[in-house]
J.: 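Please find one structure pasted underneath; my questions will follow.
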Amino acid sequence: MDQRSSDTIEREAEAEPAEVAIELFSEAGSVEVVAASFAATSDPRLRRVMVSLVTHLHGFIKDVQLTEAEWATAIRFLTETGQMCSATRQEFILLSDVLGASMLVETLNNRSDGVLTESTVEGPFHVVDSPARDLGATIARDTEGDPCLVSGRVYGDDGRPISGASVDVWQANAEGFYDVQQPDVEPDRNLRGVFTVDDEGRFWFRTIVPRYYPIPDDGPVGELLRATSRHPNRPAHIHFEISAPGMRTVTTHVFVDGTPYLDSDAVFGVKDSLVRQFATVDDPYQAGEVGLPNPFRTVNFDVVLKHVDQSTARD
Ligand code: BEZ
Ligand code: FE
């Protein structure tokens, strides 16, 4: 190698950093610099999600000109949210719920196209080992509250009834509590049960009309609601999870028309199509027929499920 060519190499080596131009962190270029750090991510979906997350997070920080004290508060809040989580309490899901994130993910992944029964949040009070009950049975294991007959029919999106569908229901009591919130007060498995529809897709069961209730607000999420002058309440509703082989499972509620908080649900779960009148029937003969005291309330909730490829069906 002659002197000239080695000079050239040295010059090239010196020039190299300027030519490669590694971009360092700056306020203006923060998104590009951090996004570039994900360039080698082999999973393209993860790369896309992380780059978008950084883009929006940095945009948010710049938009509100976040102070160091505010960021420290946010970190404390998220730390306490994590510390509040246990086997029976999921404060992060609650946070997702009050920010409308749960409903947005639920809604965009379960489009109803005006045909299917709309979905809504599952909430924290579902149990996997709910008791199987016969059609017509009561799920109310104590007697407080307005007696109510709930009935409906499960159809596929082709309009045909689905025999053998499973209808899992759970609800709060007439004071707005779920059994799992009052283990020493309510009977075990109160106000929950799994029904199998008949050959014509029909289901019916007896219960009481639930009351509206507050979501758990004794943790960081409650603190956030109070700091932003929001109430913690959910309008009265009965939860349903309806499934059948070859159909997309729907997790939804039926809301009691006229209940408080229908227009300000703390978790944004209300959809117009899910609100039903719980009409009063004052007729001793009908009450006797359905095994309820007179007068009683009644609601009908028909459900339409989407056919899916068996291999992609949930459950
Ligand atoms: C519920 O309806 O059970 C519920 C939903 C979201 C948060 C808390 C409770
Ligand atoms: Fe609920």
Side-chain angles (χ1 to χ4, degrees), residues 81-82 84-107 109-110 117-130 139-140 144-146 148 150 167-183 185-186 189-194 205 207-226 228 230-242 249-276 278 299 301:
T81 299
M84 192 82 192
C85 293
S86 69
T88 54
R89 176 76 177 256
Q90 231 302 354
E91 195 75 359
F92 271 116
I93 296 183
L94 218 48
L95 179 59
S96 155
D97 293 342
V98 302
L99 294 177
S102 303
M103 274 307 287
L104 184 55
V105 173
E106 179 73 45
T107 302
N109 284 284
N110 294 280
T117 296
E118 291 194 284
S119 62
T120 187
V121 281
E122 174 167 309
F125 300 121
H126 181 236
V127 301
V128 287
D129 55 349
S130 203
I139 60 170
E144 295 292 306
D146 285 358
C148 183
V150 179
V167 179
D168 187 353
V169 297
W170 67 105
Q171 65 168 87
N173 67 11
E175 291 176 344
F177 292 103
Y178 288 85
D179 58 350
V180 290
Q181 294 177 290
Q182 297 189 303
V185 177
E186 292 187 46
R189 302 289 188 265
N190 194 27
L191 295 168
R192 54 179 83 240
V194 181
F205 60 92
T207 184
I208 50 101
V209 179
R211 182 180 179 264
Y212 62 87
Y213 63 84
I215 63 170
D217 67 344
D218 56 342
V221 170
E223 192 190 332
L224 174 67
L225 293 178
R226 283 183 291 281
T228 53
R230 282 176 55 180
H231 70 73
N233 295 299
R234 298 216 61 211
H237 57 272
I238 300 176
H239 291 259
F240 285 80
E241 190 172 289
I242 299 135
T249 297
V250 68
T251 302
T252 191
H253 307 350
V254 60
F255 290 93
V256 181
D257 196 14
T259 172
Y261 308 112
L262 262 185
D263 56 359
S264 64
D265 183 357
V267 303
F268 309 97
V270 180
K271 292 175 175 170
D272 268 347
S273 69
L274 303 177
V275 181
R276 292 284 182 290
F278 281 53
V299 62
F301 185 52

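Order of listing sets the numbers, starting from 1, for every ligand and every atom in it. Keep in mind it's a predicted model, so treat the numbers as computed, not measured.
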J.: For the residue pair H239 and F125, is the inter-centroid distance of their aromatic rings smaller than 6.0 Å?
T.: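 Judged by ring-centre distance (under 6.0 Å), H239 and F125 do not meet the cut-off.
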J.: Considering non-hydrogen atoms only, spot the tightest contact between V270 and P235 and give its length.
T.: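 Answer, listing the atom of V270 first, then P235: CG2-CG, 3.7 Å.
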J.: Nearest 0.5 Å please: distance from the CG atom of L274 over to the CG atom of L262.
T.: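 Result: 10.5 Å between the selected atoms.
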J.: Taking the basic N atoms (NZ, or NE/NH1/NH2) and the acidic carboxylate oxygens, is any pair closer than 4.0 Å for R89 and D218?
T.: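 Here R89 pairs with D218 in a salt bridge, since their nearest N and O are under 4.0 Å apart.
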J.: Any donor-acceptor pair under 3.5 Å linking the side chain of R230 with the backbone of A266?
T.: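 A pair under 3.5 Å: yes.
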J.: Around the Fe ion (ligand 2), what protein N, O or S atoms are found below 2.8 Å?
T.: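 The answer is Y178 OH, Y213 OH, H237 NE2, H239 NE2.
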J.: With a sphere of 6.0 Å drawn around CD of E175, does it hold more than 12 non-hydrogen atoms of other residues, nucleotides or ligands?
T.: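 No, because the 6.0 Å sphere around CD of E175 holds 12 heavy atoms or fewer from other groups.
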J.: Less than 6.0 Å separating the ring centroids of H126 and F240?
T.: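 No.
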J.: Going from CD1 on I238 to CZ on F301, what distance comes out if it is rounded to the nearest 0.5 angstrom?
T.: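 Interatomic distance, I238 CD1 to F301 CZ, rounded to 0.5 Å: 9.5 Å.
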J.: Assess whether atom CG of N109 is packed by more than 12 heavy atoms of other residues, nucleotides or ligands within 6.0 Å.
T.: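 Yes, the 6.0 Å shell around CG holds more than 12 heavy atoms from other groups.
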J.: Using heavy atoms and a cut-off under 4.0 Å, could you grab the residues that are in contact with ligand 1, chain by chain, numbers ascending?
T.: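 Lining ligand 1: L94, D97, G123, P124, F125, Y178, Y213, I215, R234, H237, H239, V267.
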